[in-house]
Amino acid sequence: MKLSRYYLPTYRESPAEAEVISHQLMLRAGMVKKLAAGIYNWLPFGLRALRKVEEIIREEMNRAGAQEVFLPMVQPSELWKESGRWEAYGKELLRFQDRHEHESCLGPTHEEVIVDLVRGQLRSWRQLPVNLYQIQDKFRDEIRPRFGLMRGREFGMKDAYSFDADEPGAEKSYQGMYAAYSRIFARCGLEFRAVEAVTGPIGGKFSHEFMVLADTGEDTLAVCPKCGYAANLEKAEVKTAAKPETDPEQVLEKVHTPGRRTVEEVCAFLKLAPANLVKTLIFESDKGPVAAMVRGDRELNPNKLQGLINADRLEMATPERIQELTKGPLGFSGPVGLKIPIYLDQEVALLKNFITGANEPDYHLLNTNLTRDFQAAKIADLRVVVPGDFCNRCGSEYHFHKGIEVGHIFKLGLKYSKPMNATFLDQNGKEQFFIMGCYGIGTSRTVAASIEQNHDPSGIIWPLSIAPFQIYLLPINYKDERLRKVTDDLAAELEKLGLEVLLDDREESPGVKFKDADLIGIPLRILVGDKTLAKDSVEFKLRNQDKKELVLISKAAMAAKELILAQLEAISQKTDRIATQASKL
RNA sequence: CGGGAUGUAGCGCAGUUUGGUAGCGCGCUUGGUUCGGGACCAAGAGGCCGCGGGUUCAAAGCCCGCCAUCCCGACCA
């Protein structure tokens, strides 16, 4: 491909709208252009990267036994009413009416459609398991789209759905996808971790997120270097390092703390450390109001509380409700005399003589003690993990990473098959609901995440496997006849070998070409100039290394091919290693 | 939806305080000279100053309303 004919508008400066690096570079490198908030055009260069990611996904999904389908983006409301999500899904679901005033929506995900597709068609246990996937745009009317392609409203996604006859089968499907995902991200040339995650509104008992490691990632991962346990911070379990306190219990004492609501204010006023104080937080849930207690220097993890009480819904109580439930104002809540169930973080249970709110304005209690002064409904791990914490499984200290969620695999169980009445006949001729799983990969986000992970001040550094082109052929002066001849011949030879070449035939000064080459980040740059021709050579330079190397013109094409194959082989071997590890888990 | 900010040429910005009919850099066009890290000279093209209304002899600027975009919080691939 000749660059002079290629639609690749690059920019020296990054548009003001772009804050994160992947967004800036994708705009500057002419990969995408914004059409509206969270909605992007893909230009030829960006599309090539996206298609490569999709193709890797396709190959690995097929390899794992899944079959590709293509489902409509516009979906009728009836299906969503059947699953109950017409009401349950919030405003992210873009609803509209057609000319017949028929209610429809743009698909933010396709569970309903896929269940409708298979029910009545898959009738026998003999046909199971089945795993169907598609690569399609989703639309979610996010309140606030941001970070460019990282969180758009319309975005590319691969979604897969498995149907199994029994639990062991469903487990096997899940493991199959875990392995496939590991291969996919390894083949994309990305550093990633699979971590345990909270399931969110899609439901199910547990799930794994696939995280591309990048300092700019929104999520924090706790990874145990010893036993391999890894989890999103939203989920990560912690082993308590603290020892039980053995001080004798002191007399409960009410102390005046005028206007001191926050942990900092109370501690400063009483000249005590936050670890001596225990916060009492009041929540509303579908299981009724509950209280949760964590040390003053800790943060409650609401996901853990929600899991503990098995609630579908959990939110902080309003100041009014706190007044009603505790008889005291916000900021002065405490366990003593409280009539709602109290859940205690395991660390709190180790404390003696701690400070709590008195459930009346401007008073706290000194020397509060569990059992003597109040009872706990349950004691559990309820707090957010912090640096220095230890793995709950093996006791090693956690490592922390920042990550970008690019994939998520869920066990759905009967969540959709049951309300939508999707059944098959088992070996006993008995009607059963499908046991489902669903498995997503953000394709457009994966491209952005790759850039977040692999860039330098000059621009993008593509992993070879998803690079839009493999070779950037750069003649210093394409108007020079001799240079031009060598360049054209080499380009033809490279393309004949099946390599993807972008030839910079523009009438630009060398500096511009170098800058653009670095910006768009094609892995191998081959330079043709007077100096190299004087030695019957061209210059090879890899985007991810500083080293430059002269290669004889006569051997250049084969050398390029070998170099590229070697790199792809390295990725492939790494993929196999990672897949082997994944299968052991 | 709450808080903050910004809309002026394709991109980055100045001009708004103190109203007088729009400017800089990059990019683009033409000609010439250059050619190993965003070259140089010369000549050009390009703007409902986000939209609507108001004030005024006169509005990019002042007033009112709206819209869009970006950033910070609740969602998620």
Side-chain angles (χ1 to χ4, degrees), chain A residues 9-20 23-24 27-28 30 33-39 53 57 89-93 108-110 135-160 181 184-185 197-202 207-212 218-219 232 234 302 314-316 403-410 438-449 458-459 474-480 483 506-519 525 527-534 538-539 541 548:
Chain A
T10 60
Y11 295 87
R12 180 179 301 209
E13 289 168 298
S14 84
E17 69 188 41
E19 194 79 3
V20 299
H23 192 196
Q24 291 175 1
L27 291 169
R28 286 187 56 205
K33 185 170 187 291
K34 189 179 69 177
L35 180 64
I39 301 178
V53 169
I57 292 171
Y89 219 105
K91 288 187 177 169
E92 283 73 35
L93 184 64
T109 173
H110 284 72
I135 297 172
Q136 232 252 26
D137 270 9
K138 300 283 183 259
F139 192 93
R140 295 183 190 169
D141 198 2
E142 298 281 347
I143 290 169
R144 185 156 92 84
R146 55 180 139 173
F147 305 143
L149 274 288
M150 299 286 281
R151 181 179 284 122
R153 293 151 84 204
E154 183 171 337
F155 58 95
M157 181 168 161
K158 185 284 304 179
D159 48 323
Y181 274 38
I184 286 166
F185 295 115
V198 297
T199 53
I202 293 179
S207 69
H208 282 91
E209 288 170 334
F210 286 76
M211 296 283 193
V212 168
E218 280 189 278
D219 286 284
N232 194 310
E234 296 170 347
L314 182 79
E315 56 211 26
M316 297 285 281
I404 300 162
E405 183 189 357
V406 289
H408 204 157
I409 57 178
F410 298 87
C438 82
Y439 318 95
I441 292 178
T443 53
S444 45
R445 182 184 277 187
T446 298
V447 174
S458 300
L474 192 161
I476 290 290
N477 181 0
Y478 194 66
K479 276 195 294 191
D480 179 285
L483 279 180
R506 297 175 302 171
E507 291 182 20
E508 290 286 357
S509 67
V512 171
K513 296 183 181 181
F514 286 130
K515 292 291 182 188
D516 273 342
D518 288 346
L519 173 63
R525 186 183 81 192
L527 183 146
V528 186
D530 286 332
K531 291 182 190 170
T532 68
L533 289 196
V538 294
E539 177 192 282
K541 181 186 175 300
K548 297 170 183 168

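Since the structure is predicted, the reported quantities are computational estimates derived from the model, not experimental observations. Residue numbers start from 1 in every chain, and the chains themselves are labelled A, B, ... in the order their sequence lines are given, proteins ahead of strands.
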- So, do Arg506(A) and Asp516(A) sit near enough that their side-chain heavy atoms are less than 4.5 Å apart? yes
- Query: Which part of the nucleic acid, if any, lies within reach of Gly148(A) when heavy atoms closer than 4.0 Å are counted: base, sugar-phosphate only, or nothing?
  - Reply: nothing
- Using atom C1' of each nucleotide, how far apart are U30(B) and G46(B) to the nearest Å? 15 Å
- Would you indicate which nucleotide in G37(B), U69(B), C35(B) comes nearest to any side-chain atom of Lys479(A)? C35(B)
- Among C28(B), C35(B), A74(B), which nucleotide sits nearest the side chain of Arg144(A)? A74(B)
- Message: Expressed as a whole number of angstroms, how long is the span from Asp516(A):CG to C35(B):P?
- Response: 21 Å
- Query: C49(B) and U21(B): how far apart are their C1' atoms, nearest whole angstrom?
  - Reply: 11 Å
- What do the steps show when you test Tyr89(A) against Arg140(A) for side-chain contact (heavy atoms from CB on, under 4.5 Å), and what is the final call? CA-CA 11 Å; Tyr89(A) 219 105; Arg140(A) 295 183 190 169; 3.9 Å; yes
- Query: Quick one: is Arg146(A) getting a side-chain N or O under 4.0 Å of the G73(B) phosphate, OP1 or OP2?
  - Reply: yes
- Message: Any base atoms under 4.0 Å from Asp480(A), or only sugar-phosphate, or nothing? Heavy atoms, all strands.
- Response: nothing
- Note on the structure: On a heavy-atom basis, the closest approach of Arg28(A) and Arg12(A) is NH2-O, 3.3 Å
- Task: May I ask you to say what Pro15(A) touches in the nucleic acid, namely base, sugar-phosphate or nothing, with a heavy-atom cut-off under 4.0 Å?
- Result: sugar-phosphate
- Message: Classify Lys158(A) by what it touches in the nucleic acid, base, sugar-phosphate, or nothing, heavy-atom distance under 4.0 Å.
- Response: nothing
- Query: Distance between the P atoms of C41(B) and U18(B), in whole angstroms?
  - Reply: 40 Å
- Message: Within the 4.0 Å heavy-atom criterion, would you say Ala16(A) contacts the bases, only the backbone, or no part of the nucleic acid?
- Response: sugar-phosphate
- Rounding to the closest angstrom, what is the interatomic distance between G23(B) and G3(B) at atom P? 39 Å
- Query: If you check every side-chain atom of Arg12(A), which of C35(B), G27(B), C1(B) has the closest atom?
  - Reply: G27(B)
- Query: Are Glu539(A) and Arg525(A) within salt-bridge range, i.e. N to O under 4.0 Å?
  - Reply: yes
- Touch class at under 4.0 angstrom, heavy-atom based, for Glu17(A) against every strand present: sugar-phosphate
- Taking the C1' atom of each, how far is G53(B) from A59(B), in whole Å? 13 Å
- Query: Salt-bridged, Glu92(A) to Arg153(A), with N to O below 4.0 Å?
  - Reply: no
- Task: Using a strict 4.0 Å threshold on nitrogen-to-oxygen distance, state whether Lys34(A) and Glu17(A) make a salt bridge.
- Result: yes
- Message: Give me the distance, rounded to whole Å, that separates A60(B) from U16(B) when you measure between the P atoms they each carry.
- Response: 14 Å
- Item | Spacing of the C1' atoms in C51(B) and A43(B) (rounded, Å) | 37 Å
- Message: So which atom in Pro145(A) and which in Gly38(A) form the shortest heavy-atom distance, rounded to 0.1 Å?
- Response: CB-CA, 3.8 Å
- Query: With rounding to whole Å, what would you report as the distance between G25(B) and U8(B) at their C1' atoms?
  - Reply: 15 Å
- May I ask you to evaluate whether Arg151(A) reaches the phosphate of A77(B), defined as a side-chain N or O under 4.0 Å from OP1 or OP2? no
- Query: Which part of the nucleic acid, if any, lies within reach of Glu539(A) when heavy atoms closer than 4.0 Å are counted: base, sugar-phosphate only, or nothing?
  - Reply: base
- Query: Checking all strands, does Ser14(A) fall into the base, sugar-phosphate, or nothing category for heavy-atom contacts under 4.0 angstrom?
  - Reply: sugar-phosphate
- Tell me what Tyr89(A) touches on the nucleic acid: a base, only sugar-phosphate, or nothing, going by heavy atoms under 4.0 Å. nothing
- Task: With the side chain of Lys531(A) defined as its heavy atoms from C-beta on, choose the nearest nucleotide among G36(B), G38(B), U69(B).
- Result: G36(B)
- So what does Val512(A) touch, heavy atoms closer than 4.0 Å: a base, only the sugar-phosphate, or nothing? base
- Query: Is any N or O donor-acceptor pair between the side chain of Asp518(A) and the base of G37(B) shorter than 3.5 Å?
  - Reply: yes
- With sugar-phosphate meaning primed atoms plus P, OP1 and OP2, does Arg525(A) contact a base, only sugar-phosphate, or nothing at under 4.0 Å between heavy atoms? base
